[in-house]
Every structure is written in C-alpha cells, then in structure tokens.
Amino acid sequence: MNQFLKVYKILMKEYGPQGWWPLLEHKGSNPTASGRITGYHPGDYSLPKDDHQIFEICVGAILTQNTAWPNVERALLNLRRLGALNPERILSLEEDKLRSAIRPAGYFNQKAKKLRTFSKFFLTLKGRIPLREELLSVWGVGRETADSILLYAYRQPIFVVDAYTRRVFSRLNLIMHDWDYDKIRKEFERNLPRNFETYQEFHALIVEHAKRFCKKTPECSGCPLRSLVKDESI
DNA sequence: AACCAGGACGTGA
DNA sequence: TCACGTCATGGT
C-alpha cells in the first residue's frame with residue numbers, strides 16, 4: 001500500500017466520514033440549537049440531488065475562496081433568504097443587494113462579479129457536465145475552484161488540491177514545494193483508487209486534519225500521522 | 001490585536 | 001513563467 005493510501009486510512013479511522021460538500025438545502029438540514037445549519041451528510045455520496053443543489057455547491061466553491069466556511073455559510077443563508085440560490089435570480093438581483101448578501105464572505109465586490117459571470121456560464125450548460133477547460137475559462141474560476149465544482153457538484157474523479165493539501169503533504173515529504181498544482185493533483189490521482197467517493201472523502205479529511213493538527217504552526221503532539229513522518233525529530 | 005481562512009487575477013520583470 | 005500586490009469579512 002502506498003503512502004497516500006496509508007494517510008487516507010489513518011485519517012478515515014481517526015475522523016470518520018466527513019460528509020462533504022455541506023449543503024444548506026436538503027432533507028435533514030435543519031437549523032441546530034446554535035442556529036447553524038448542519039449540511040453535512042457523512043457516508044452519503046448520492047448528493048447533490050438536483051440542479052439546484054449543484055448550483056449551490058458552485059456558489060459555495062466561489063464564495064469560499066480564501067475564506068473560512070462559516071462566513072460563506074452566512075452569505076449562502078442571505079442568498080437563500082432572497083431566493084437567490086439560482087442563476088436566474090443572481091443575474092436579476094440589484095448589484096447592491098447581491099453585494100450586501102455575500103458581504104460576510106469577504107471580497108464581496110470581486111465575488112459578486114464572479115457569481116454573475118458564473119451564473120451566465122451555468123445557464124449555457126443546460127444540465128450538461130462542464131469540461132475542466134470550460135470552467136477554467138470562466139473569469140473567477142481557477143484550478144481549485146474548477147476541481148471543487150467537478151468533484152463535489154458533478155461527482156467527477158478529479159482531486160482537489162488546496163492550501164491544506166500542500167501543507168500536510170509537504171510536511172509528510174510526499175510532495176515537493178516546487179511542484180505546481182496539476183503535478184500535485186496527478187500525484188494524488190495516480191496513488192488513489194479512481195473514484196469520486198474516495199477523492200471527496202480524502203480531501204475533506206485532509207482539511208479536517210489540517211485544522212486540528214497541521215495548522216500553519218503545527219501542533220504535532222497527538223498527531224495521528226506522526227508515524228509517517230520520516231524526520232522523527234518532528 | 002495581529003493573524004488566518006477550503007484563491008484568483010492583474011501587473012511588471 | 002513567476003513573484004508580488006490586491007481584494008475584505010469574521011473568528012481566534
């Protein structure tokens with residue numbers, strides 16, 4: 001078994017299924033006592049169910065660019081309140097209303113433009129699965145966002161490389177700092193079973209692990225991956 | 001109170 | 001290509 005699979009097994013045993021991508025609107029996503037939405041669906045890989053949920057994931061993928069998820073969740077709730085979690089309504093909303101709705105997610109000027117641009121693109125698809133190149137040609141959609149959309153909204157076996165992935169796996173000496181995005185992505189895809197369920201779960205597990213232990217300044221005490229680190233002095 | 005968060009784009013070298 | 005500045009809110 002290769003090192004990537006070992007990491008996957010350890011993280012899965014440690015944290016369990018993560019249930020990504022979180023969705024606001026699906027059966028069972030009721031507000032909790034804290035007023036938050038529990039949109040996670042551990043072990044259920046059948047989502048998204050319809051075009052509406054597909055679009056919601058795309059919007060979340062854009063809003064979460066360099067932004068903490070709770071802020072994105074607020075923005076999504078605002079959009080839902082306006083009935084604007086669909087491309088038609090995002091395009092017909094007044095500029096100021098769109099901006100103020102997504103304000104909690106930060107970069108609201110840029111992201112308002114990105115959501116408009118993407119909404120137009122989404123309508124041209126008419127339900128078809130987009131190509132990676134098509135997504136990358138959309139202004140505001142870079143490699144990670146494109147791959148997040150393909151993996152979580154369209155269930156395509158494309159691995160998502162984010163800042164957490166780079167951090168965790170370079171510390172494990174399994175990737176090098178000078179590797180570009182696609183080299184890292186292909187390295188994951190080469191070492192893992194090529195199904196979208198594994199990719200979805202692994203990416204979510206890496207995020208969880210990075211938040212708990214592999215922070216910017218690492219907290220290695222108690223890290224479940226310590227046995228895999230070559231440099232035992234860490 | 002600085003630092004960070006599930007990046008992408010525009011610019012100049 | 002590539003390094004760097006810009007964009008912005010909210011939690012810790």
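The shown structure was predicted, so the numbers you read here are calculated from the model rather than taken from an experiment. Order of the sequence lines fixes the chain letters, A, B, ..., with proteins taken first and strands second; residue numbering starts at 1 for each chain.
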Could you tell me whether the side chain of Phe188(A) reaches within less than 4.5 Å of the side chain of His203(A), counting heavy atoms only?
-> no
Euclidean distance for C1', dT9(C) against dG10(B) (whole angstrom) | 22 Å
Describe the nucleic acid contact of Gln110(A) in one word from base, sugar-phosphate, nothing, applying a heavy-atom distance below 4.0 Å.
-> base
N-O pairing of Glu219(A) and Lys215(A) below 4.0 Å | yes
Nearest-Å distance for atom pair CZ/C1', residues Arg166(A) and dA5(B) | 16 Å
Tell me, with the steps shown, if Lys113(A) and Gln110(A) meet side-chain hydrogen bond (donor to acceptor under 3.5 Å, both in side chains).
-> CA-CA 5 Å; Lys113(A) 182 180 173 186; Gln110(A) 283 191 352; over 6 Å; no
Return the value, rounded to whole Å, for the distance between atom NZ of Lys111(A) and atom P of dA5(B).
-> 14 Å
Kindly point out which of dA8(B), dA5(B), dG10(B) is positioned nearest to the side chain of Arg167(A)?
-> dA5(B)
Any side-chain heavy-atom pair from Gln156(A) and Phe196(A) closer than 4.5 angstrom?
-> no
Proximity to DNA chain C (any heavy atom under 4.0 Å), residues of residues 147-161 of chain A only | none
Return yes if a side-chain donor-acceptor contact under 3.5 Å exists between Ser46(A) and Lys49(A), otherwise no.
-> yes
Map Ala146(A) and Asn71(A) onto DNA chain B by nearest heavy atom, then report which one ends up closer to the 5' terminus.
-> Asn71(A)
Taking atom P in both dA1(B) and dC7(C), what distance in whole Å separates the two?
-> 24 Å
When you compare dA5(B) with dA3(C), how far apart are their C1' atoms, in angstrom units rounded to a whole number?
-> 22 Å
Polar contact flag, side-chain donor to acceptor under 3.5 angstrom, Arg74(A)-Asn71(A) | yes
Send over the distance from Leu136(A) CG to dG7(B) P, rounded to a whole Å.
-> 16 Å
Is any side-chain N of the basic residue among Asp182(A) and Arg132(A) closer than 4.0 Å to the acidic one's carboxylate O?
-> yes
Those residues that, when tested against Thr217(A), pass side-chain contact (heavy atoms from CB on, under 4.5 Å) (two or more places apart) | none
Expected list for residues 195-217 of chain A near DNA chain B, using heavy atoms below 4.0 Å, is Lys211(A), Lys216(A)
Positional range of nucleotides in DNA chain C within the contact set of chain A, heavy-atom, under 4.0 Å | dC7(C) to dG11(C)
Can you tell me the distance, in whole Å, between the NZ atom of Lys114(A) and the C1' atom of dG7(B)?
-> 6 Å
Would a 4.5 Å heavy-atom cut-off, applied to side chains only, mark Leu123(A) and Glu88(A) as touching?
-> yes
Starting at the 5' end of DNA chain C, which residue's closest nucleotide do you reach first, Thr67(A) or Arg74(A)?
-> Thr67(A)
Between Glu208(A) and Lys211(A), is there a side-chain N and carboxylate O pair less than 4.0 Å apart?
-> no
Side-chain N or O of Thr145(A) closer than 4.0 Å to phosphate OP1/OP2 of dA8(B) = yes
For Phe108(A), enumerate each residue passing the ring-ring contact (aromatic ring centres under 6.0 Å, His included) test, keeping only those at least two apart in sequence or located in another chain.
-> none
How long is the line joining CH2 of Trp139(A) and P of dG7(B), in whole Å?
-> 16 Å
Taking only residues two or more places apart in sequence, or in another chain, which ones meet Phe121(A) in a ring-ring contact (aromatic ring centres under 6.0 Å, His included)?
-> Phe118(A)
Give one of base, sugar-phosphate or nothing for Phe108(A), where a contact means two heavy atoms less than 4.0 Å apart.
-> sugar-phosphate
What distance, rounded to whole Å, do you find between the two P atoms, one in dA8(B) and one in dG10(C)?
-> 22 Å
